[in-house]
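Since the structure comes first, as structure tokens, the remarks are kept for the end.
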Amino acid sequence: MATSEDIHEINKQGSFVRQKNRFITPFGDELGQLPVEAGRYRLLWARICPWAHRSIIVRELLGLQDVISVGTAAPIRTDKGWEFSLDKDKVDPVLKIQYLAEIYEATDPEYTGRATVPTVVDVLTGKVVNNDYFKLTNYLETSFKRFHKAGAPDLYPESLREDIDTFNDMLFHDVNNGVYKAGFAKSQAAYEAAYDRLFSRLDELEERLSHQRYLFGDKITDADVRFYVTLVRFDAAYYSVFKVNRNRIIDFPNIWNYAKDLYQTSGFGSTTDFESIKKGYQLGNLENNPYQLLTKGPDISIWNEPHDRNRFDEKVGK
Ligand SMILES: N[C@@H](CCC(=O)N[C@@H](CS)C(=O)NCC(=O)O)C(=O)O
């Protein structure tokens, strides 16, 4: 099993710094871009991973399941990294690899970074073409538009793109990655700074969601997908494992109902696996959990309880 030392870069102040993505060529129709074709790419993920979960949700919402195939690694990273041990003979049936690292090695033997999910592989060449988790959902929303199902939501409307980008940037630093900054901090000051920032952002978002159903009004956007993947991991993992315990998500009335609303929306709950999330975060780090105990709670059945977010529809007379 990997230790946190292998993978987490820490700066002089004891703060966690995330590695840069290596494969960042965009998808598109211009020269030098990755050609947008159906059946050409395979998206590799692990159910624990919030960065990968985003793309999986967007793929579902947009109806791209037959356009981009998916390979799923087991939730607990091994010493050799992500392993396709959920598959028959522990091998991804399409790429015929046991470990994700094998495809990075085959793509670039000089690559010294980590093999991370999400990873997009070109099945034609068997090479990694993109692991840009930050932009991947945007490519699915824009470059893959011609393959969207009829009636697919516009998750990245042109008129809102700038605002969504600014929001997503804040969300990344303070919330999505904020929980990791608190959890991986190696100094009290770095931990507290991340903790304070995270909860002050959550307080702001609680307020924002008190007067509209979703982050950008009455329709789901890319920003909601990004917020959801952190929310759904919070009480089951981050609250205890990353020590972000001022309060739980279920203690914020608006955020909690919003999270349930999304969970109960097709594509969100169906791709959420609490068992994998708990295992991945709680058992994935031997140093912090030497006896490998898995928490019995929290009760996840409450995610299916009714939410109150329809109240906004009534307001606009729908
Ligand atoms: N590629 C990004 C984000 C994706 C990411 O962190 N994925 C995690 C799982 S949630 C991963 O694959 N980690 C494997 C590793 O760190 O070796 C990064 O390296 O920071």
Side-chain angles (χ1 to χ4, degrees), residues 1-21 48-54 76-77 114 116 133-134 165-210 215 223-259 274 277-295 297-298:
M1 185 170 299
T3 67
S4 65
E5 295 294 332
D6 317 325
I7 58 161
H8 305 143
E9 294 108 89
I10 305 287
N11 71 10
K12 283 202 195 101
Q13 286 74 41
S15 297
F16 165 60
V17 187
R18 191 163 282 282
Q19 92 171 357
K20 284 205 168 63
N21 298 307
I48 171 201
C49 180
W51 315 107
H53 191 191
R54 295 168 171 191
I76 304 175
R77 257 183 333 112
R114 305 186 314 267
T116 53
Y133 68 95
F134 198 80
D165 288 349
T166 308
F167 180 91
N168 284 349
D169 214 48
M170 172 285 288
L171 194 71
F172 169 77
H173 287 292
D174 297 349
V175 178
N176 301 141
N177 201 34
V179 290
Y180 284 87
K181 286 185 199 157
F184 295 159
K186 294 247 162 102
S187 76
Q188 186 67 25
Y191 160 68
E192 287 191 17
Y195 176 110
D196 289 343
R197 241 180 130 130
L198 166 69
F199 282 102
S200 79
R201 279 305 182 197
L202 289 176
D203 288 340
E204 278 173 35
L205 294 167
E206 169 68 11
E207 211 285 313
R208 183 172 179 136
L209 290 168
S210 70
L215 291 168
D224 295 300
V225 175
R226 292 176 192 231
F227 193 23
Y228 172 81
V229 297
T230 296
L231 294 178
V232 85
R233 286 163 176 74
F234 205 98
D235 293 357
Y238 302 149
Y239 180 88
S240 51
V241 179
F242 287 171
K243 305 181 192 73
V244 285
N245 59 0
R246 194 194 77 180
N247 52 263
R248 298 162 303 176
I249 290 310
I250 64 169
D251 302 319
F252 289 105
N254 289 294
I255 295 179
W256 169 229
N257 276 283
Y258 160 85
F274 287 104
I277 290 170
K278 280 169 60 175
K279 281 190 188 153
Y281 285 102
Q282 296 183 18
L283 307 182
N285 188 338
L286 203 49
E287 290 165 87
N288 288 346
N289 190 353
Y291 298 106
Q292 292 287 282
L293 301 176
L294 194 61
T295 60

Review point. Just wondering, do Arg248 and Pro298 contact through their side chains at under 4.5 Å, heavy atoms?
Key: no
Review point. So, do Asn168 and Asn176 sit near enough that their side-chain heavy atoms are less than 4.5 Å apart?
Key: no
Point to revise | Under 3.5 Å: donor-acceptor pair, side chain of Asn289, backbone of Leu293 | key: yes
Review point. Do side-chain atoms of Asp235 reach the backbone of Ile250 as a donor and acceptor pair under 3.5 angstrom?
Key: yes
Check your understanding: Which heavy atom in Ile255 sits nearest to a heavy atom in Glu206, and how many Å separate them?
Key -> N-OE1, 2.9 Å
**Study point:** SB check Asp196 Arg246 (cutoff 4.0 Å)
**Key:** no
Check your understanding: Is there a side-chain contact between Tyr238 and Thr230 (heavy atoms, below 4.5 Å)?
Key -> yes
Practice item. Would you check if Asp203 and Phe252 make a side-chain contact, meaning some heavy-atom pair closer than 4.5 Å? Key: yes
**Study point:** Check: Tyr258 and Ile249 side chains under 4.5 Å, non-hydrogen atoms
**Key:** no
Review point. Do other residues, nucleotides or ligands put more than 12 heavy atoms under 6.0 Å from Lys278 NZ?
Key: yes
Exercise for review: Keeping the roles fixed (side chain from Arg233, backbone from Ile48), state whether a donor-acceptor pair exists under 3.5 Å.
Suggested key: yes
Check your understanding: So Phe234 and Phe199, would you call those rings parallel, tilted or perpendicular, with 30° and 60° as cut-offs?
Key -> perpendicular
Point to revise | Any donor-acceptor N or O pair under 3.5 Å, side chains Asn285, Arg77 | key: no
Review point. Under 3.5 Å, is there a donor-acceptor pair between the His173 and Arg197 side chains?
Key: no
Practice item. Mind telling me whether Phe184 and Tyr180 have parallel, tilted or perpendicular rings, with 30° and 60° as the class edges? Key: perpendicular
Point to revise | Aromatic ring pairing Phe134/Phe172, orientation class (parallel under 30°, perpendicular over 60°, tilted between) | key: perpendicular
Check your understanding: If we ignore angles and hydrogens, is there a donor and acceptor under 3.5 Å between the side chains of Thr295 and Gln282?
Key -> yes
Exercise for review: Verify whether one side chain among Asn254 and Ser210 offers a donor that lies under 3.5 Å from an acceptor in the other.
Suggested key: no
Exercise for review: Might you work through the ring-ring contact (aromatic ring centres under 6.0 Å, His included) test for Tyr281 and Phe242, ending with a clear yes or no?
Suggested key: CA-CA 9 Å; Tyr281 285 102; Phe242 287 171; 5.7 Å; yes
**Study point:** Exam field: side chain Asp174 to backbone Leu171, donor-acceptor pair closer than 3.5 Å
**Key:** no
Check your understanding: Just wondering, do Asn11 and Phe16 contact through their side chains at under 4.5 Å, heavy atoms?
Key -> no
Practice item. Mind checking the CZ-CZ spacing from Phe167 to Arg226? Nearest 0.5 Å is all I need. Key: 10.5 Å
Practice item. Please answer whether the main-chain N or O of Gln13 pairs with a side-chain N or O of Ser187 as donor and acceptor at a distance below 3.5 Å. Key: yes
Practice item. Might you point out which heavy atoms bring Val179 and Leu198 nearest each other, and give the distance in Å? Key: CG1-CD2, 3.9 Å
Review point. With a 4.5 Å limit on heavy-atom distance, are the side chains of Leu205 and Leu215 in contact?
Key: yes
Revision key, fill the gap. What one should report as the nearest heavy-atom pair of Val244 and Ala182 is CG1-CB, 3.6 Å
Exercise for review: May I ask you to check whether Asn247 and Tyr239 show a side-chain donor-acceptor distance below 3.5 Å?
Suggested key: no
Study note, to complete from the structure: Nearest heavy-atom approach of Pro253 to Asn257 is O-ND2, 2.9 Å
